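Atoms within a ligand are numbered from 1 in the order they appear, just like the ligands themselves. Please read all numbers here as calculations on a predicted model, not as lab measurements.
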Amino acid sequence: RSLPNDLEKYIALNSLHDRNEELFFRVVCDNIDEIQPLIYTPTVGLACQRYGLIFQRPRGMFISANDKGHVAELLGNWPYPARLIVVTDGERILGLGDLGAHGMDIPVGKLSLYSACAGVHPEHCLPIMLDVGTNNQDLLNDRYYIGLRQKRLSGVAYDEFVDEFITAARAAFPGVLIQFEDFANHSAFRLLHKYRDDIPVFNDDIQGTAAVALAGLFSALRVSGGKLADQRVLFLGAGEAATGIADLIVSAMMAEGLSELDAIGRNWLVDSRGLVVKNREGLTEHKKRYAHDHAPVKDFLTAIRTLKPTAIIGVAAVGGAFTPEVLQAMAEINHRPIVFALSNPTSKAECSAEEAYRHTAGRALFACGSPYDPVKFDDKTFVPRQGNNSYIFPGVGLGAIASGSKLVTDEMFMAAAHTLAYLVTQDDIEQGSLYPSLPRIREVSAHIAAAVAEVAYKRGLATAARPNDMMGYIEQQMYDPHY
Ligand code: NAD
């Protein structure tokens with residue numbers, strides 16, 4: 001705590017992780033509120049940007065394009081029985097872009113959260129960097145860059161390399177759950193669709209984000225009183241987070257009785273070129289589902305005035321994009337405007353918590369992607385909570401591996417979202433918190449894991465014997481560091 005800044009604290013915690021894993025996890029578990037932002041977002045973003053400078057010793061496994069043809073051999077060297085792999089190729093780290101091999105801190109941080117938040121044993125966790133090069137010229141010129149000094153593999157060569165990795169990982173660690181992390185759009189959607197119907201994989205940026213945002217909407221609706229199927233949602237951003245969230249909202253709206261077409265029609269995207277509409281040239285595949293018949297609209301504020309959304313969700317990594325005018329417009333249209341500023345790190349947040357409350361006269365139902373302190377407005381203190389994926393993915397992962405699920409399905413993410421919203425207390429709601437408090441995270445993860453495992457058993461996807469007492473079974477699997 002006496003260290004001068006968060007990066008120094010990150011380095012100190014990393015060193016502790018290396019020296020004494022049990023103590024590291026005890027410290028993280030006991031101080032999760034304080035430490036999660038240090039070992040994960042936002043600090044981990046800075047740690048990745050400085051990776052070459054702060055590097056002390058490696059953690060996880062680096063598999064480079066030069067290892068093609070030998071990936072099985074490499075994985076055979078891993079000394080632990082991995083049940084959960086988080087893998088990235090470093091092409092789109094948080095909102096920071098291509099950080100190449102320096103993105104390794106993301107899988108490392110994510111897996112630390114798996115152990116701390118859901119008790120997945122550290123021995124079962126394997127962080128992997130697929131170092132296929134980088135297109136970031138600054139890194140290629142940086143003498144402290146630790147990765148391959150070449151442009152990224154692409155096309156068939158890239159797909160073959162990923163495929164070799166997936167095949168080798170499944171052979172080395174049968175039944176292993178593979179989480180894709182921080183791949184760029186063009187790879188993320190493709191890889192997810194290629195593998196999701198055959199093997200246990202998921203993409204947290206797409207599906208984990210979707211579930212945490214959906215849970216936030218369910219909580220917000222507990223205040224405003226509406227139904228999900230009646231909402232109109234406008235996204236700033238049209239990438240992995242936006243379309244992932246929109247897809248899960250559509251499924252949830254359909255579960256409330258809407259047709260697929262009507263549900264899709266209630267979700268709109270704005271990207272850097274304005275409102276995503278049908279007649280726009282060159283739309284990428286993942287945006288097409290939400291390209292509605294509408295005249296072009298250039299900017300977000302006009303889109304709000306035109307479409308009159310009940311909720312805006314910022315996932316474009318454009319800092320300050322929810323201007324006072326945007327927030328005021330939302331407050332004019334809605335008695336309780338839903339405002340989620342999910343981009344991170346903090347510098348990329350669409351608005352701060354304080355701005356969200358100030359410009360909506362304290363009426364915003366607000367969730368953020370970066371941590372904010374409580375905000376005093378008039379005579380009320382609001383406690384904004386982060387719509388952090390860490391509420392979802394640890395529990396989903398634990399539920400999937402505990403049941404030995406053969407797949408990770410959207411139904412599991414919907415179950416996770418319902419469970420998370422259900423665990424928000426009335427006290428939370430009254431102080432403007434749309435998520436439970438972080439110190440409850442292990443309880444939250446256990447409930448989510450049980451709900452996810454139930455889906456696996458119900459759908460015939462589970463390979464582990466069905467326990468009589470699901471919660472007891474889940475809790476019994478959870479690693480609890482003693483020190
Ligand atoms: P992405 O790169 O897939 O998508 C970004 C999107 O923003 C793209 O569609 C791009 O066209 C659009 N965009 C860029 N500039 C824009 C502009 N000026 N106006 C409108 N749109 C613009 O990234 P992603 O995975 O979707 O993540 C986006 C952001 O959301 C990141 O900051 C990420 O950290 C954050 N995020 C937060 C959470 C969370 O809080 N739980 C989860 C996932 C992602």
Side-chain angles (χ1 to χ4, degrees), residues 36-37 40-42 44-46 48 88 91-99 103 106 109-110 113 180-190 192 203-217 234-248 268-276 280 282-288 290-291 297-304 312-323 326 340-350 366-372 384-393 413 416-417 420 434-435:
Q36 180 166 299
Y40 205 65
T41 55
V44 73
L46 189 57
C48 289
T88 186
E91 189 167 5
R92 201 245 43 201
I93 296 299
L94 307 175
L96 301 169
D98 182 351
L99 298 185
I106 298 292
K110 274 249 145 110
L113 295 186
F180 294 117
E181 187 67 33
D182 283 4
F183 283 78
N185 281 190
H186 57 100
S187 306
F189 291 106
R190 205 181 66 256
L192 181 62
N203 180 312
D204 184 55
D205 307 308
I206 299 173
Q207 296 160 290
T209 304
V212 84
L214 180 61
L217 286 177
L234 179 64
F235 292 84
L236 184 70
E240 294 172 41
T243 51
I245 298 169
D247 284 350
L248 200 64
W268 295 74
L269 313 176
V270 169
D271 66 8
S272 50
R273 294 166 59 202
L275 191 64
V276 173
R280 193 207 279 178
L283 274 178
T284 43
E285 208 47 47
H286 65 273
K287 299 181 189 177
K288 284 187 180 157
Y290 301 100
V297 175
K298 275 248 153 321
D299 64 284
F300 193 60
L301 183 56
T302 314
I304 291 179
I312 51 173
I313 300 184
V315 273
V318 180
F322 290 174
T323 58
V326 159
F340 291 179
L342 295 185
S343 289
N344 53 51
T346 314
S347 61
K348 307 272 184 180
E350 287 76 12
F366 178 74
C368 39
S370 303
Y372 287 106
R385 293 221 172 108
Q386 233 181 317
N388 200 309
N389 294 29
S390 66
Y391 283 116
I392 295 286
F393 70 81
F413 284 99
L420 180 56
L434 302 182
Y435 296 99

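Under a cut-off of 6.0 angstrom, the local environment of NZ in Lys288 is crowded, with over 12 non-hydrogen atoms contributed by other residues, nucleotides or ligands.
Scanning all protein heavy atoms for the shortest distance to atom 26 (O) of ligand 1 gives Ala241 N, 2.8 Å. Looking from atom 20 (C) of ligand 1 to the surrounding protein, the closest heavy atom is Asp271 C, 3.2 Å. The closest protein non-hydrogen atom to atom 29 (C) of ligand 1 is Ser343 OG, 3.5 Å. The nearest heavy-atom contact from the protein to atom 32 (O) of ligand 1 is Asn344 O, 2.9 Å. Scanning the protein for heavy atoms near atom 37 (C) of ligand 1, the closest one is Leu342 O, 2.9 Å. At the top of the distance list for atom 14 (C) of ligand 1, counting protein heavy atoms only, stands Ala316 O, 3.9 Å. Summary of contacts: the protein heavy atom closest to atom 43 (C) of ligand 1 is Thr209 OG1, 3.0 Å. Summary of contacts: the protein heavy atom closest to atom 25 (O) of ligand 1 is Arg92 NH1, 2.2 Å.
Counting only residues at least two apart or in different chains, salt bridge (Lys or Arg N to Asp or Glu O under 4.0 Å) contacts with residues 205-215 comprise Arg92-Asp205.
Taking 4.5 Å as the limit, some side-chain heavy atom of Ile245 sits within range of a side-chain heavy atom of Thr209. Two residues are said to be in side-chain contact when any heavy atoms from C-beta on lie closer than 4.5 Å; Phe393 and Val212 fail this criterion. Looking only at side-chain heavy atoms (C-beta outward), Val270 and Val297 stay at 4.5 Å or farther from each other.
Proximity to Gly369 (heavy-atom distance under 4.0 Å) selects the following atoms of ligand 1: 40 (O). Close approach of ligand 1 to Gly387 is summarised as follows: ligand atoms under 4.0 Å from at least one heavy atom of the residue are 39 (C), 40 (O), 41 (N). Near Leu236, meaning under 4.0 Å from any of its heavy atoms, are these atoms of ligand 1: 20 (C).
Between the side chain of His286 and the backbone N or O of Ala238 there is at least one donor-acceptor pair closer than 3.5 Å. Under the 3.5 Å distance criterion, the side-chain polar atoms of Glu240 are left unmatched by any main-chain donor or acceptor of Ile206. Of the possible polar contacts, one joining the Asn344 side chain to the Gly369 backbone as a donor-acceptor pair under 3.5 Å is found. Without hydrogens or angle criteria, Thr243 side chain to Lys287 main chain gives no donor-acceptor distance under 3.5 Å. In terms of modelled atom types and a separation under 3.5 Å, the side chain of Glu181 and the main chain of Asp204 share no donor-acceptor contact.
Contacts of Lys348 classified as side-chain hydrogen bond (donor to acceptor under 3.5 Å, both in side chains), with partners at least two apart in sequence or in another chain: none.
The option with the heavy atom closest to atom 5 (C) of ligand 1, from among Ile392, Val315, Thr284, is Val315. Between atom 19 (N) of ligand 1 and the options Gly208, Ser272, Ala238, Gly97, the minimum heavy-atom separation is to Ser272. Considering only non-hydrogen atoms, atom 12 (C) of ligand 1 lies nearest to Gly237 out of Pro42, Ala210, Gly237.
By the definition of a contact as any protein heavy atom under 4.0 Å away, atom 10 (C) of ligand 1 is not in contact.
Taking distance alone, with nitrogen or oxygen atoms compared against 3.5 Å, Leu94 stays at or beyond that limit from ligand 1. In terms of polar-atom proximity, Asn388 is not counted as a contact of ligand 1, lacking any N or O under 3.5 Å from an N or O of the ligand. When only interatomic distances are considered, the shortest N/O to N/O separation between Val318 and ligand 1 does not fall below 3.5 Å.
Looking at Val270 against ligand 1, only its backbone comes within 4.0 Å, counting heavy atoms. Both the backbone and the side chain of Glu240 come within contact range of ligand 1, each with a heavy atom under 4.0 Å.
Salt bridge status for Lys110 with Asp182: absent, with no side-chain N to carboxylate O gap under 4.0 Å.
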